[in-house]
Amino acid sequence: MGELLAGLIDVELQSGSTETLTRQLYDRLRATILTGALPPGHRLPSSRELARQLGVSRNTVSFVVDQLVMEGYLDVAQGRRPTVAAAANAGLAAGRPISRGEPRALRTSRWAERLRKADWPFASEGRPKPLAPAHADARAFPHDIWARCLRRAARHALTGMAAVNRASLQAALLRHLVEHRGVRAEARQIIVMPSAQASIELIARVLLNAGDIAWLESPGYGGARAALEAAGAAVRGVALDRSGLAFKGRRDQPRLIFVTPSHQHPTGRLMPVHRRQELLTLADEVGAAIIEDDYDSEFHYDGRPVAALQGLDDTGRVFYVGTFSKSTFADIRSGYAIVPPNLVDVFETAQRHSGQIVPAPMQDALAEFIDDGHFAAHIRKMTRIYRARRDRLVQALGAAAGDHLRIEPPAGGMQLLAHLDPHHDDRDVSARLAEAGVTARPLSRHFTGAITGQGLFLGFAAWNEQEIDTAAAVIGRVLRELAVSSGARKRRRKA
Ligand SMILES: Cc1ncc(COP(=O)(O)O)c(C=O)c1O
């Protein structure tokens, strides 16, 4: 018994500790078994003896022993003292102590390998800095009103199994989308998702098999490329012209076409109605579905916004995707999609399978926020603010870097594209700007296939006038420095 306890007596319990004696004894005994200090088959002293040695009550010891027996660390045969179970440290039996040494690294999937690449969409840019695109100004959101909506929604007792998609939000959203975006649907066709990204992922998974061709605008939205590839699609980049997706003359037949017709991402171009009709006709001919990502269409500055493509579709092939993360604030983590009536059931099941369900109180709070007019009022207010910021950025960039950039001012949205001369490497420019405290996404990252342009993708929505002016001045300075050093390199080569 003596030598056995010697192994155990490292088990020194501290009476003044914040951890109970039971917890301490349990942790130490379990560790002693796992590290092999008590090998399989070793017999423990009786609980009375253990209690005496450790200076704790017999109840404490019995409780801990019972627990370790239940978890499989100890065995007890009728009327005998507990022994360390053989399987408790199978690794040890194989000469491989469980809790010692360097653990072998886990292999991750090819998908995860892609996620690790620094320029893959959603690779962290760290804390957002001016002029990070795709950010709404959360500072201007009516947080007090929102808190009231959330509080009221949280108080509603929910009975039974809540619907995945709450009727209150479906009805409120439908009214909003019919009035402002011209969509045509029944409320039950709206699925509520944690984000636009989640909707794109789910739609891709419901529609695509491995190897199916999916068309994506090039340059286009990297998040869509990631989602389509994750669903196994063969993603093909389709070049743009002034009217957006330029697909005439292509021979490959897509199953799915992803477009951002309101404000093309990243050029900001608007797809006019003639191209929309051609796209619908083509999709009908080849039997393709269309994802219309209407991510920031709420904010439109020049002329009237063009109604959604979904409202033009008579064939039930357009999946309309929207998000609250641009129209309210990013962390709200709620978005929605309109799916064709005959697929509502499979989408609801897919939502349950993938766990893509927005909490019911959140859905009810959003419904109230929309129904009481706060959502529309916030959009009106932010449209004024964002329009002024767009104008400010266009003007500040023109003044600070007009010789180096060709700006494509968008009619709406939250960001703009500034084209660089082709001799620039936009990744290099972007890296220099990051060092100087300015976020500017390189355009080249947005191509699928051939890279046919260099530019900077810049957000104006989340940044005030001072931040915009300062960032524009930094962009001007960095581009001038780069021009000087590339001029010097050329002169050296000539000499
Ligand atoms: C074109 C486009 N679609 C969708 C999203 C994603 O929206 P969410 O945050 O709801 O996933 C973004 C965000 O940057 C975007 O730029």
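Proximity of Leu282 to Trp215: side-chain heavy atoms (C-beta onward) are separated by under 4.5 Å at one or more points. Residues Arg255 and Leu207 form no side-chain contact, since every pair of their non-hydrogen atoms from C-beta on lies 4.5 Å or further apart. In this structure, the side chains of Val358 and Leu366 stay at 4.5 Å or more apart for every pair of heavy atoms. Residues Arg480 and Arg477 have side chains in contact (heavy-atom distance under 4.5 Å, counting atoms from C-beta outward). Side-chain contact check for Tyr320 versus Leu177: some heavy-atom pair is nearer than 4.5 Å. Within the 4.5 Å cutoff, the side chain of Arg175 has no heavy atoms near those of the Ile370 side chain. With a 4.5 Å cut-off on side-chain heavy atoms, Ile332 and Trp146 count as touching. Residues Gln264 and Met271 have side chains not in contact (no heavy-atom distance under 4.5 Å, counting atoms from C-beta outward).
Surrounding CZ of Arg406 are at most 12 heavy atoms belonging to other residues, nucleotides or ligands under 6.0 Å away. In the displayed structure, His353 atom NE2 is contacted under 6.0 Å by at most 12 heavy atoms of other residues, nucleotides or ligands.
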Side chain to side chain contact (heavy atoms under 4.5 Å, CB included) evaluation trace for Val192 with Arg166 = CA-CA 8 Å; Val192 183; Arg166 305 279 289 169; over 6 Å; no
Show your working on salt bridge (Lys or Arg N to Asp or Glu O under 4.0 Å) between Glu368 and Arg148 and close with a plain yes or no.
-> CA-CA 10 Å; Glu368 182 179 325; Arg148 280 204 295 279; over 6 Å; no
Can you list the steps and then say if Leu458 with Ile475 is a side chain to side chain contact (heavy atoms under 4.5 Å, CB included)?
-> CA-CA 11 Å; Leu458 305 166; Ile475 292 173; 4.1 Å; yes
How far apart are the C-alpha atoms of Glu348 and Arg352, what are their side-chain angles, what is the distance that settles it, and do they pass the salt bridge (Lys or Arg N to Asp or Glu O under 4.0 Å) test?
-> CA-CA 6 Å; Glu348 282 193 359; Arg352 288 193 193 277; 5.8 Å; no
Decide yes or no on side chain to side chain contact (heavy atoms under 4.5 Å, CB included) for Ile257 and Val238, but give the supporting numbers first.
-> CA-CA 10 Å; Ile257 305 171; Val238 178; over 6 Å; no
Go through the steps to decide whether Val306 and Val273 satisfy the test side chain to side chain contact (heavy atoms under 4.5 Å, CB included), and finish with yes or no.
-> CA-CA 8 Å; Val306 173; Val273 72; 5.8 Å; no
Derivation of the salt bridge (Lys or Arg N to Asp or Glu O under 4.0 Å) call for Asp314 and Arg184 = CA-CA 9 Å; Asp314 289 320; Arg184 288 186 298 161; 2.9 Å; yes
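With respect to Asp137, the salt bridge (Lys or Arg N to Asp or Glu O under 4.0 Å) criterion is satisfied by exactly one of Arg384, Lys381, Arg389, Lys326: Arg389. When each of Arg110, Arg205, Arg114 is checked for a salt bridge (Lys or Arg N to Asp or Glu O under 4.0 Å) with Glu229, only Arg114 meets the rule.
Ring geometry, Phe369 versus His374: the interplanar angle falls from 30° to 60°, so the pair is classed tilted.
Considering every non-hydrogen atom in both Arg333 and Ser325, the closest pair reads NH2-CB, 3.8 Å. Minimum interatomic distance between Glu467 and Pro130 (heavy atoms only, all atoms of both residues): CB-CG, 4.2 Å. Across every non-hydrogen atom of Leu443 and Asp426, the tightest pair is N-OD2, 3.1 Å. In terms of heavy atoms, Ala288 sits closest to Leu256 at CB-N, 4.3 Å. Across every non-hydrogen atom of Gly244 and Arg275, the tightest pair is O-NH1, 3.4 Å. Contact record, Ala350 with Val206: CB-CG2, 4.0 Å, taken as the closest heavy-atom pair.
Interatomic distance, NE2 of His404 versus CG of Leu482, reported as 9.0 Å (0.5 Å rounding). Between Arg225 atom CZ and Arg236 atom CZ the span is 14.5 Å, to the nearest 0.5 Å. For the atom pair Leu202 CG and Gln356 CD, the distance stands at 6.0 Å (nearest 0.5 Å).
Side-chain atoms of Asp294 and Gln310 include no donor-acceptor pair closer than 3.5 Å. Side chain to side chain, Gln454 and Ser444 fail the donor-acceptor criterion of an N or O pair below 3.5 Å. Side-chain polar atoms of Ser17 and Arg23 form no donor-acceptor pair below 3.5 angstrom. One side chain, Glu408 or His419, offers a donor N or O that lies under 3.5 Å from an acceptor on the other. Under the 3.5 Å distance criterion, with hydrogens and angles disregarded, no donor-acceptor pair is assigned to the side chains of Ser430 and Arg445.
Looking at residues two or more places apart in sequence or on another chain, you find a ring pair (Phe, Tyr, Trp, His ring centres under 6.0 Å) between His265 and Tyr221, Tyr295, His446, Phe457. Residues forming a ring pair (Phe, Tyr, Trp, His ring centres under 6.0 Å) with Tyr386 (at least two apart in sequence, or on another chain): Phe299. By the side-chain contact (heavy atoms from CB on, under 4.5 Å) test, Val394 pairs with Arg390, Ile407, Pro409, Leu416, sequence neighbours left out.
Side-chain atoms of Arg181 do not come within 3.5 Å of backbone N or O of Leu309 as any donor-acceptor pair.
Aromatic ring centroids of His143 and Phe329 lie under 6.0 Å apart.
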